[in-house]
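Report on the following structure.
FYI, side chains are in, hydrogens and waters are out, and symmetry mates aren't considered; it's all heavy atoms of this structure.
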Amino acid sequence: MSAEDLSLSRAMNEGLRKAMEHDPRVLVMGEDVGRLGGVFRVTDGLQKDFGESRVIDTPLAESGIVGTAIGLALRGYRPVCEIQFDGFVFPAFNQITTQLAKMRLRSLGMLELPVVVRIPFGGGIGAAEHHGESPEAYFTHTGGLRVVACSNPSDAYTMIQQAISCPDPVILFEPKRRYWDRARVELDTSGAVPLGRAVVARPGRDVTLLAYGPTVRTCLEAAQADGNRSIEVVDLRSLSPLDEETVLASVRKTGRCVVVHEAPVFSGYGAELAARITERCFYDLQAPVLRVGGFSTPYPPSRLERHYLPDLDRVLDAVDQTMAW
Amino acid sequence: MTIDAARGTPRGTVAEPPPELVQLLTPDGRRVEHPDYDAVFTAQEVRSLYRDLVIVRRLDEEALALARQGELAVWPSLRGQEAAQVGSARALLPGDMAFPSYREHGVAWCRGVDPVRELGSFRGINHAGWDPREHNLHLPTIVIGSQVLHATGYAMGVQRDGAEDAVIAYFGDGATSEGDVNEAFAWAAVQNAPIVFFCQNNQWAISEPTERQSRVPLHRRADGFGFPGVRVDGNDVLACLAVTARALDDARSGLGPTLVEAFTYRMGAHTTTDDPGRYRPRAEAEAWLLKDPVDRVKTHLLSSGAADEAFLAEVEAEAARIGTDMRTRCRELPDPDLDELWDNVYAAEHPLVEDERARFAAYLASFEDVPR
């Protein structure tokens, strides 16, 4: 197999295409996913190649998208739902949390719902209200869901395929401001990292940065820019389950940790990381786990989002604080 | 409607005569004809329907008693709705799929579910008592209206399989206000999905009467979505069966969805935790007693000569046997193993689940002298 230079959007498209070719039960459904190819072009060309019965332009009803996907899964299909933007997932929140997440437990394991819900998330594209949010913690708080986030084209290509073949429901967060990032993508996924595992994106000795989705690149750039400290960057990839082994090994090595996400810090996913790391390796820590993220406000108008989103300077400021503790 | 009256008369409110109710058996047990439903029922069929009605009512009475004795935490009685459930469920073919709410005990009986398996969730030992694939009856859904979208999606799957099965979604009058139900209507219409939306309008969503849900008769909701809506006498098992069978046939032959409004009455409380005396007049329930779904079939069987007193007694005795058996086995239902708390949350291994399971086991093990 060869490798190709692909954008994250295109890599996701190729991953979907491969999954649909591999398994005729895989369906794609959502608003504008067919004729238009999705507002981020992730499903571009799929309806042309696989037909309208497998790539379904749905009514504008997010609860309906997830609710009917559950029914299709009960009939043996493997639907991949696209929620057009993060802020539009809430009408589907009931179906995801009360139905999708619970069906396996409720049925004593008799029923499984291999449904994937793709959600472009995060800010930084100068968009209108409800187009820049990071709602991942709402979903990691719900048992029965697997919650993952890709940060680069290679992971987009493999993680979508792994999510589709997973017997559990998977919420896949896609970093919308990184859709046009390009990278070499290995098309043979046989040696790919499993869905639930984190990876060390950049090794270092002095401090660990924990990130996922769009902030992985932010952290890599910060680590690159810092000439004084050796900064390790861990791309979590999976939020539920959390790959504790990789995270704790890194923090035990460096003794310092900063979590970086776009979501509000208060009650955010970083709070779980900080608590868990503190419980598990208290005596390895040289400083408290610090968090860099959004403010505890609704997402601001886009002219203010550069202040809201963690950037290189805010990440390095937190690194300064933890080093000086 | 005092608030509206103070502001003026709402436009679009029906000041029309009440809509026609499809009826084939009158409350006093007379078999009547309907121009759209020339169904023929043999004496054997009517006797068999009667048997189901009596058994379903008996099982409901037993479950109610079990709840009052503390054997069940709660029980939502179906009393009054036996004909709507038995009639519609008996119209299903084995390959058809049904999506119930939580009061569809009569549907479960007709789909061959062992009655004791319905009790587990109300006893608090599980969330589901049967294999939905074995009975083509999905698990009860408690969040109001959610299952109507599942049914619609399932029907889309039937279409994609090129199969000839139909799907039925059960819900109540209150559920017609839920977004999910309205999304399902829109969805099924544009997909032309093979589905029957079976609404049991039992007049009360806990304490709220149907006037709090809709300005128009519920079956007329279908008009705006572009498929037929029918109101049937929900206490008439023959009419419920005929109307549902027609709607299922239409679904199978590619004519798309139908909304059936079974006009019935919840004779009891919403559940055993409810007190209808706080919100509805006793006289209302007493008036509905005259339309009882079981009595009218009994009257019809006797007056038409389709059955005699001996048959009725035999059915009562059989219902009592099944009821006693359910009651006995309910008390014997074992509590779940602690491990079931973590089993089946995920299909594949999940480190957090395993970690919490192990830590809790260690915690319990720390109580050396406590028998487990």
ask   = Would A/Ser107 and B/His127 satisfy side chain to side chain contact (heavy atoms under 4.5 Å, CB included), going step by step from the backbone distance to the final call?
value = CA-CA 7 Å; A/Ser107 69; B/His127 296 315; over 6 Å; no
Among [options], which has the most heavy-atom pairs under 4.5 Å with chain A?
options	value
B/Glu340, B/Gln159, B/Gln147, B/His138	B/His138
B/Thr152, B/Val143, B/Leu341	B/Val143
B/Arg160, B/Arg133, B/Met156	B/Arg160
B/Leu139, B/Val148, B/Val353	B/Leu139
B/Val158, B/Asn126, B/Asp343	B/Val158

Please classify the contact between [X] and chain A as side chain, backbone, both or neither, with a heavy-atom cut-off of under 4.5 Å.
X	answer
B/Val167	neither
B/Asp355	side chain
B/Ala348	both
B/Asn182	neither
B/Glu134	neither
B/Pro336	neither
B/Val190	side chain

key: side chain to side chain contact (heavy atoms under 4.5 Å, CB included) assessment of A/Leu108 paired with B/Trp130   = CA-CA 9 Å; A/Leu108 306 172; B/Trp130 63 86; over 6 Å; no
Quick check for you: to the nearest 0.5 Å, what is the distance between [X] atom [atom1] and [Y] atom [atom2]?
X	Y	atom1	atom2	value
B/Gln191	A/Ile56	CD	CD1	6.0 Å
B/Ile142	A/Thr98	CD1	OG1	10.5 Å
B/Asn344	A/Met103	CG	CE	13.5 Å
A/Gln99	B/Thr141	CD	OG1	5.0 Å

Give the interface residues of [range] toward chain B, defined by a heavy-atom separation under 4.5 Å.
range	answer
residues 158-166 of chain A	none
residues 81-97 of chain A	A/Asn94, A/Gln95
residues 31-39 of chain A	none

Which heavy-atom pair separates [X] from [Y] by the least distance, and what is that distance?
X	Y	answer
A/Arg106	B/Ala128	O-CB, 2.8 Å
B/Pro132	A/Leu111	CG-CD1, 3.8 Å
A/Gly67	B/His150	O-CD2, 3.4 Å
B/Glu349	A/Arg146	O-NH2, 3.4 Å
B/Tyr346	A/Leu145	OH-O, 2.8 Å

query = Can you name the residues that form a side-chain contact (heavy atoms from CB on, under 4.5 Å) with A/Pro24, not counting sequence neighbours?
reply =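 A/Pro24: no side-chain contact (heavy atoms from CB on, under 4.5 Å) contacts found.
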For each of [options], tally heavy-atom pairs with chain B at distances under 4.5 Å, and name the one with the top tally.
options	result
A/Gly109, A/Gly144, A/Ala69	A/Gly144
A/Ala61, A/Gly143, A/Gly76	A/Ala61
A/Pro79, A/Ser63, A/Gly196, A/Pro167	A/Ser63

Counting only heavy atoms not in [X], do more than 12 sit closer than 6.0 Å to its [atom1] atom?
X	atom1	result
B/Arg252	CZ	yes
A/Tyr138	OH	no
B/Glu164	CD	no

task = Walk me through it: do A/Arg276 and B/Leu352 pass the test side chain to side chain contact (heavy atoms under 4.5 Å, CB included)?
result = CA-CA 11 Å; A/Arg276 207 155 269 271; B/Leu352 181 65; 3.6 Å; yes
key: Min side-chain heavy-atom separation A/Glu245-B/Pro351 under 4.5 Å   = no
task = Determine, stepwise, if the pair A/Ile65 / B/Trp187 fulfils side chain to side chain contact (heavy atoms under 4.5 Å, CB included).
result = CA-CA 9 Å; A/Ile65 294 171; B/Trp187 212 284; 3.7 Å; yes
message = If I measure from the heavy atoms of chain B, does A/Arg25 come under 4.5 Å with its side chain, its backbone, both, or neither?
response = neither
query = Tell me, side chain or backbone of A/Leu74 under 4.5 Å from chain B's heavy atoms, or both, or neither?
reply =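 Both parts, backbone and side chain.
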